[in-house]
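Quick one: this structure, given as structure tokens, is what I'll be asking you about.
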Amino acid sequence: QVLLVESGGGLVQAGTSLRLSCAASGLIFSTYAMGWFRQAPGKEREFVGSISWFGGNTYYAESMKGRVTISRDNAKNMVYLQMNSLKPEDTAVYYCAVARRPYSGATDSATFGSWGPGTQVTVSS
């Protein structure tokens, strides 16, 4: 059973930074691409970015480029989402996800399988 647990969310002020973490278990972490998504109330789940299983490639939603960085620590089974210059529109529940297959790329929602319960990020103005 794959288990993902996000942490690091909270209430922050616009213009500040935040780093979210995702701890994974139940899989050979280093063989799976990992992704971050978010969902605001009344909106569809949105792709934020992803990182390849080996950590060499990252992909970001166009709207997030320049403000976010995804990284991973395979020794700790952790993936991170660093967000800078936060805006009120970044308010959402943020989820991490695991690719459906090992040693494969994952750059959209359809290519991810297991999801964490999410962590709330609220950005005030």
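Numbering of residues begins at 1 and proceeds along the displayed sequence.
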* Asked: If we only count heavy atoms from C-beta on, is the Phe29 to Met34 side-chain gap below 4.5 Å?
  -> yes
* From CZ (Phe112) to CZ (Arg45), nearest 0.5 Å -> 9.5 Å
* Structure fact -> Closest non-hydrogen contact found for Thr58 with Ile70 is CG2-O, 3.7 Å
* Asked: Rounded to the nearest 0.5 Å, how far does CG of Asp73 lie from OG of Ser30?
  ->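 CG of Asp73 is found 11.0 Å from OG of Ser30.
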* What distance do Tyr60 atom OH and Leu81 atom CG have between them, rounded to the nearest 0.5 Å? -> 8.5 Å
* Could you walk me through whether Met64 and Arg38 pass side chain to side chain contact (heavy atoms under 4.5 Å, CB included), step by step? => CA-CA 12 Å; Met64 305 301 294; Arg38 68 183 185 183; 3.7 Å; yes
* To do: Would you check, one step at a time, whether the test side chain to side chain contact (heavy atoms under 4.5 Å, CB included) holds for Thr119 with Ser7?
  => CA-CA 6 Å; Thr119 184; Ser7 62; 5.6 Å; no
* List for me each residue that meets side chain to side chain contact (heavy atoms under 4.5 Å, CB included) alongside Ser104, sequence neighbours excluded, and say none if there are none. => Ala99, Arg101
* Sub-4.5 Å side-chain heavy-atom contact between Thr16 and Leu18 -> no
* **Atom of Ala33, atom of Ala106 and distance for their closest heavy-atom approach** =>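 For Ala33 and Ala106, the tightest heavy-atom pair comes out as CB-CB, 4.0 Å.
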* To do: If the plane angle is over 60° it's perpendicular, under 30° parallel, otherwise tilted; pick one for Phe47 and Phe37.
  => perpendicular
* **Within 6.0 angstrom of Glu44 CD, more than 12 heavy atoms from elsewhere** => no
* Do Val48 and Met83 pass the side chain to side chain contact (heavy atoms under 4.5 Å, CB included) test, and can you show the C-alpha distance, the side-chain angles, and the key distance before you say yes or no? -> CA-CA 10 Å; Val48 175; Met83 299 187 289; 5.8 Å; no
* Asked: Above 12 or not: heavy atoms from other molecules or residues under 6.0 Å from CG of Leu3?
  ->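 Check passes, neighbour count above 12.
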* Nearest 0.5 Å please: distance from the CD atom of Glu46 over to the OG atom of Ser109. => 11.5 Å
* Asked: Given the rule that I, L, V, M, F, W and Y join up when any side-chain heavy atoms are under 4.5 Å apart, are Leu27 and Ile51 in one cluster?
  -> yes
* Is the distance between the ring centroids of Trp53 and Tyr103 under 6.0 Å? ->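 That pair passes the under 6.0 Å test.
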* Report the distance from atom OG of Ser71 to atom CZ of Arg19, rounding to the nearest 0.5 Å. =>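 Going from OG on Ser71 over to CZ on Arg19, the span is 7.0 Å.
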* **Heavy-atom closest pair, residues Ser114 and Leu4** => O-CD1, 3.6 Å
* To do: Report yes if some heavy atom in the side chain of Glu89 is under 4.5 Å from a heavy atom in the side chain of Val123; otherwise report no.
  =>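 The answer is no, as the side chains (C-beta and beyond) never meet within the 4.5 Å cut-off.
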* To do: Grab the two heavy atoms, one from Ser85 and one from Arg67, that are nearest each other, plus how far apart they are.
  => O-NH1, 3.1 Å
* Structure fact -> Note: Leu11 and Ser124 closest approach over all heavy atoms is CD1-CB, 4.3 Å
* To do: Would you mind reporting whether Gln39 and Tyr95 have side-chain heavy atoms less than 4.5 Å apart?
  => yes
* Asked: Is any side-chain heavy atom of Arg100 less than 4.5 Å from a side-chain heavy atom of Thr111?
  -> no
* **Nearest non-hydrogen partners of Asn57 and Phe54, listed with the distance** =>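 Minimum heavy-atom contact is ND2-CZ, 3.5 Å.
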* Ignoring hydrogens and angles, tell me if any N or O in the side chain of Glu6 forms a donor-acceptor pair with the backbone of Leu20 under 3.5 Å. =>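 Here the side-chain-to-backbone pair does not exist.
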* **Met78: hydrophobic cluster co-members (side-chain, 4.5 Å)** =>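 Members alongside Met78: Tyr80.
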